[in-house]
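All values below were derived from every heavy atom in this structure, side-chain atoms included, with hydrogens, water molecules and symmetry-related copies excluded.
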Amino acid sequence: MISIGLLIIRMVIGVLFIGHGAQKLFGWFGGYGLKGTGGWFESIGMKPGVTMALLSGLSELVGGILFALGLLTPLAAILIAGTMVMAIIKVHAANGLWATSNGYEYNLTLLAVAIGIALIGPGQYALDAFLF
């Protein structure tokens with residue numbers, strides 16, 4: 001049962017990060033693509049914006065794919081955690097904790113999930129379990 005729970009957590013979080021990466025990279029799912037995201041990144045002091053958008057989008061997309069598959073789970077968690085730390089620092093920290101004020105509550109939750117899964121392992125229904 002624990003492995004099924006871990007699979008559900010990995011799949012939901014992983015697929016959401018795949019979507020966020022696709023928003024930044026390709027403009028899918030209502031996203032702004034590299035140019036639009038890059039412009040916004042520049043406006044909050046992350047320069048060069050398009051390069052930072054590319055790195056962020058790739059971290060989310062690749063991290064999400066790996067996390068969902070349970071493949072190289074510690075690396076996946078680092079990619080996800082890194083983007084969440086940056087989101088907290090650059091966007092949400094000044095607004096306080098609560099998401100109702102555009103705070104970092106949600107980002108902190110995702111950060112905790114990624115690190116938690118990396119520490120306890122992805123479960124038996126993960127590619128890591130078959131390969132390593």
Side-chain angles (χ1 to χ4, degrees):
M1 286 302 219
I2 291 172
S3 286
I4 293 172
L6 291 169
L7 175 64
I8 292 168
I9 292 167
R10 284 194 352 266
M11 292 300 295
V12 169
I13 300 301
V15 168
L16 289 174
F17 271 93
I18 292 167
H20 279 282
Q23 287 177 319
K24 287 177 181 70
L25 295 171
F26 313 120
W28 297 354
F29 313 117
Y32 298 104
L34 283 175
K35 186 174 180 183
T37 303
W40 181 71
F41 277 12
E42 291 258 349
S43 78
I44 61 170
M46 296 177 68
K47 298 179 182 180
V50 172
T51 300
M52 297 305 287
L54 176 65
L55 294 173
S56 176
L58 286 172
S59 291
E60 291 177 346
L61 182 72
V62 172
I65 290 168
L66 294 174
F67 202 74
L69 294 173
L71 177 62
L72 304 174
T73 304
L75 174 62
I78 288 169
L79 293 170
I80 289 170
T83 59
M84 290 302 93
V85 167
M86 288 304 295
I88 290 169
I89 292 169
K90 295 301 286 183
V91 180
H92 300 285
N95 301 317
L97 174 65
W98 303 112
T100 52
S101 300
N102 198 31
Y104 59 91
E105 171 186 11
Y106 180 63
N107 307 96
L108 184 60
T109 301
L110 294 171
L111 178 62
V113 168
I115 292 170
I117 296 292
L119 292 173
I120 64 174
Q124 70 183 27
Y125 303 117
L127 289 179
D128 285 348
F130 294 109
L131 299 173
F132 304 111

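Residues meeting the side chain to side chain contact (heavy atoms under 4.5 Å, CB included) test with S101, sequence neighbours left out: none. In terms of the side chain to side chain contact (heavy atoms under 4.5 Å, CB included) criterion, residue partners of T37 (sequence neighbours excluded) are, by chain and number, K24, Y32, F41, A53. Residues passing the side chain to side chain contact (heavy atoms under 4.5 Å, CB included) test with Y106 are L16, L110, sequence neighbours excluded.
In this structure a side-chain-to-backbone donor-acceptor pair under 3.5 Å is missing from S56 to M52. A distance-only check finds a donor-acceptor pair linking the side chain of H92 to the backbone of N102 [under 3.5 Å]. Counting only distance, with no hydrogens or angles, the side chain of N107 and the backbone of M84 share no donor-acceptor pair below 3.5 Å. E42 places no side-chain N or O within 3.5 Å of a backbone atom of K47 that could act as its donor or acceptor partner. Under a 3.5 Å cut-off, the side chain of S3 and the backbone N or O of Q124 do form a donor-acceptor pair.
Between P74 and A118, the shortest heavy-atom contact is CA-CB, 4.3 Å. Nearest approach of G123 to A129, heavy atoms of both residues: O-CB, 3.7 Å.
Atom CG of L131 is surrounded by more than 12 heavy atoms from other residues, nucleotides or ligands within 6.0 Å.
If you take CG on L97 and CG on L108, they are separated by 7.0 Å, rounding to the nearest 0.5 Å. Here the CD1 atom belonging to I18 is positioned 11.5 Å from the CZ atom belonging to F67, to the nearest 0.5 angstrom. Note: T73 OG1 to I117 CD1 = 8.5 Å, rounded to the nearest 0.5 Å. For the atom pair I9 CD1 and I4 CD1, the distance stands at 12.5 Å (nearest 0.5 Å). Expressed to the nearest 0.5 Å, how far CG of L58 lies from CG of L54 amounts to 4.5 Å. L61 CG to Q23 CD: the interatomic distance, rounded to the nearest 0.5 Å, is 11.5 Å.
Linking Ile, Leu, Val, Met, Phe, Trp and Tyr whenever their side-chain heavy atoms come within less than 4.5 Å puts L34 and F29 in one cluster. I80 and L71 end up in different hydrophobic clusters when Ile, Leu, Val, Met, Phe, Trp and Tyr side chains are linked at under 4.5 Å. Linking Ile, Leu, Val, Met, Phe, Trp and Tyr whenever their side-chain heavy atoms come within less than 4.5 Å leaves I89 and I44 in two separate clusters. Under a hydrophobic-cluster definition in which Ile, Leu, Val, Met, Phe, Trp and Tyr are linked whenever side-chain heavy atoms come within less than 4.5 Å, directly or via other members, L6 and I65 are assigned to different clusters. The cluster map of Ile, Leu, Val, Met, Phe, Trp and Tyr, joined by side-chain heavy atoms under 4.5 Å apart, puts L79 and V85 in different clusters.
In this structure, L66 and F17 have side chains that are not in contact, with every pair of non-hydrogen atoms separated by 4.5 Å or more.
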